[in-house]
Amino acid sequence: MKRVKINTLLASDEQIEKVIVKGWVRTKRDSKEFSFMELNDGSCLKNIQIIADSKLENYVEISSITTGSAVSIEGRLVESPGKGQKWEIHADKVDVISIAPEDYPLQKKRHSDEFLRTIAHLRARTNKYGAIFRIRSEMAFAIHKFYNEKGFRYLHTPIITGSDCEGAGEMFRVTALDPSSVAKAGKMDFHSDFFGQEANLTVSGQLSAEMFALALGDVYTFGPTFRAENSNTSRHVAEFWMVEPEMAFCDLNGNIDHAQELLKYLTKHAITNCSEDIALFTDFVDKELRKVLETLINEEYAKISYDEAVELLIKSGKNFEYKVVNGNDLQSEHERFLAEEYFKKPVFLMNYPKTIKPFYMRVNDDGRTVAAVDLLVPRIGELIGGSQREERLYILEERMEQMNLSKESYWWYLDSRRFGTVPHSGFGMGFERLLMLLTGVSNIRDVVPFPRTPGNIDF
RNA sequence: UCCCUAGUAGCUCAGUCGGCAGAGCAAGUGGCUGUUAACCACUGGGUCCGCGGUUCAAAUCCGUGCUAGGGAGCCA
């Protein structure tokens, strides 16, 4: 007989004479006559209550079951006379698969996120982390569903890349050379390395995605991204996942509309398909979350230019630690003011000065700004960063010269502006930051199964 | 990397002015109960983050290192 998962059993309309469930015991309460067990199999947040009668032949063994132990139960699914659950299982047979010894670190009580991070291999067995990783899985699916419905092609861009300066941050080197021989030689000899030149882990699939947008029309990438920045914050990890749509024949406004549509779609999907898990976060993690999610779905996001934002910040009369200067990048406190205090909803910031943005962003008619867009959301800051791309070859080359970039190493990128170039746009959305937004989890390390941060690669 | 704060039992934390190391939960044992963060009693459990210093005496004061959290920078 096949085992049935707990989410299926709890959704049952009628009692069932014979079922088999397998899972891990969250807690057990004993009495003389019988033993109550809360069983969880990861299929949903809720446990199912098992009643094991003391007349069962192996009741001595059953008595030894501890929190964390694995069991297989055969029994009857019946309505529960007790409070707190509709269904329970009266066990006819309890097979102990394995007993968790007394030093099992997870207790039947609330643990701090900091402690659970030190046992990342076990934390998914708690209510909160189980919920997080079910939502993570569901949202990854929702991204593919959204793009599939819209006719986008899913593109696998390289993880190992030869581009050495995409301008998105410090990169992790990839090499097949023996470190001790490199040390002996005193320097890296890239010519003798695997690729015959310097290689790194990708910091963005954008440049590759642009090439395919100019072939397949609308594409998106969704995969791991690596940044070797020594940043120690609750919003950064060294390895994270990013969604990067890239659309041909699309300008900045189309890009912004697409971003809003995506975020609304994903939020709705979470509420509809993860309602039980989301409720854990709205009830226990973040009391404001319900409101945040409703705003994400129902409201039109704010949309202002960089110049307007600067003016607005100056006029606010707020005493910022860093002075607001047109031409400088906005500081965290400025972004937070805009998203959290002023608009109180997501805000698109467009048309930044070209001096603070990368070479590939399209220069506006004013010659001073570029068609960039960032989406700032309350608490997290930048969720999305993107732009309309510079499709005019001569301007692109000019900008590369100004920024001292080697045109030779970008020959293939420049080729795309030589052959059938068209206006196109795209952006990157941090997948983990999306999960933080949708769950109210305040540290990015807690939405990654095994987070990688400076000085931390255990598990 | 910089600034701030913290590190005491398995977990969460208290520890006053420098003077015998504590609580709740967890664990173990026993009891009780259609229980549900079950309950009651008893028992065990400590490198007070490491190193150095001041002192008759340091969890407590000073220096330094490490780790964590919050903030900043960088960014998604």
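Computation of the quantities below employed the complete heavy-atom set of this structure, encompassing side-chain atoms and omitting hydrogens, waters and symmetry-equivalent molecules. The structure presented is a predicted model; accordingly, all values stated were derived computationally and were not measured. Labels below follow one simple rule: chain letters A, B, ... track the order of the sequence lines, proteins then strands, and each chain is numbered from 1.
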Nucleotide N/O of nucleotides 38-48 of chain B paired with protein N/O under 3.5 Å:
from  : atom 1 : to    : atom 2 : distance (Å)
B:A38 : OP2    : A:R29 : NH1    : 3.1

- Query: Taking NZ, NE, NH1 and NH2 as the nitrogens, is one of them in A:K5 or A:D41 under 4.0 Å from a carboxylate oxygen of the other?
  - Reply: no
Residue set satisfying ring pair (Phe, Tyr, Trp, His ring centres under 6.0 Å) with A:W87, at least two apart, ordered chain then number -> none
ask   = Under 4.0 Å between a side-chain N or O of A:T225 and OP1 or OP2 of B:A76?
value = no
Report task. Would you indicate what A:E333 reaches in the nucleic acid, counting non-hydrogen atoms under 4.0 angstrom: base, sugar-phosphate, or nothing? Result -> nothing
Given the options A:K128, A:R136, A:R123, A:R235, A:D446 meets salt bridge (charged side-chain N to carboxylate O under 4.0 Å, His left out) only with A:R123
Within residues 230-247 of chain A, those residues having any heavy atom closer than 4.0 Å to RNA chain B are A:N230, A:S231, A:N232, A:T233, A:S234, A:R235, A:H236, A:V237, A:F240, A:M242
- Message: Suppose we call a contact any N or O donor and acceptor under 3.5 Å apart; does that hold for the side chain of A:E88 and the base of B:G34?
- Response: yes
Residue pairs passing the ring pair (Phe, Tyr, Trp, His ring centres under 6.0 Å) test with at least one member in residues 24-76 of chain A, sequence neighbours excluded, are A:F34-A:F36
Those residues at least two apart in sequence (or on a different chain) that pass ring pair (Phe, Tyr, Trp, His ring centres under 6.0 Å) with A:F450 are A:F459
A:L375 atom CG is separated from B:C75 atom P, nearest whole Å, by 17 Å
query = If you take atom types as modelled and just measure distance, does the side chain of A:H90 reach the base of B:G34 with a donor-acceptor pair under 3.5 Å?
reply = yes
Per the atom types in the model, does the base of B:U67 pair as donor or acceptor with the side chain of A:E114 at under 3.5 Å? no
Q: Identify whether the distance between the nearest side-chain nitrogen and carboxylate oxygen of A:R362 and A:E391 falls below 4.0 Å.
A: yes
field: Lys/Arg-Asp/Glu bridge criterion (N-O < 4.0 Å) met for A:D374, A:K357
entry: yes
**Asked** If you measure from the P atom in B:G65 to the same atom in B:G28, how many Å do you get, rounded?
**Response** 43 Å
To the nearest angstrom, the CZ-P distance between A:R445 and B:A68 comes to 8 Å
Any strand, both distances under 3.5 Å, Watson-Crick or G-U wobble: B:G24 pairs with B:C11
Checking N1-N3 plus N6-O4 or O6-N4 for Watson-Crick, or N1-O2 and O6-N3 for wobble, each under 3.5 Å, the partner of B:U67 is B:A6
Does any donor-acceptor pair link the side chain of A:Q331 with the base of B:G73 at a separation under 3.5 Å? no
request  = Take atom P in B:C39 and the same atom in B:A26, then report the distance between them in whole Å.
outcome  = 7 Å
When A:M247, A:Q388, A:H424, A:M350 are each screened for side chain to side chain contact (heavy atoms under 4.5 Å, CB included) with A:N255, the one that passes is A:M247
Whole-Å distance, A:I50 CD1 to B:G34 C1', equals 15 Å
Rounded to whole Å, the CD1-P distance (A:I380 to B:G70) equals 14 Å
A:Y220 meets the ring pair (Phe, Tyr, Trp, His ring centres under 6.0 Å) criterion, sequence neighbours left out, with A:H144, A:Y147, A:Y154
Taken to the nearest whole Å, CD/A:Q107 to P/B:A26 is 8 Å
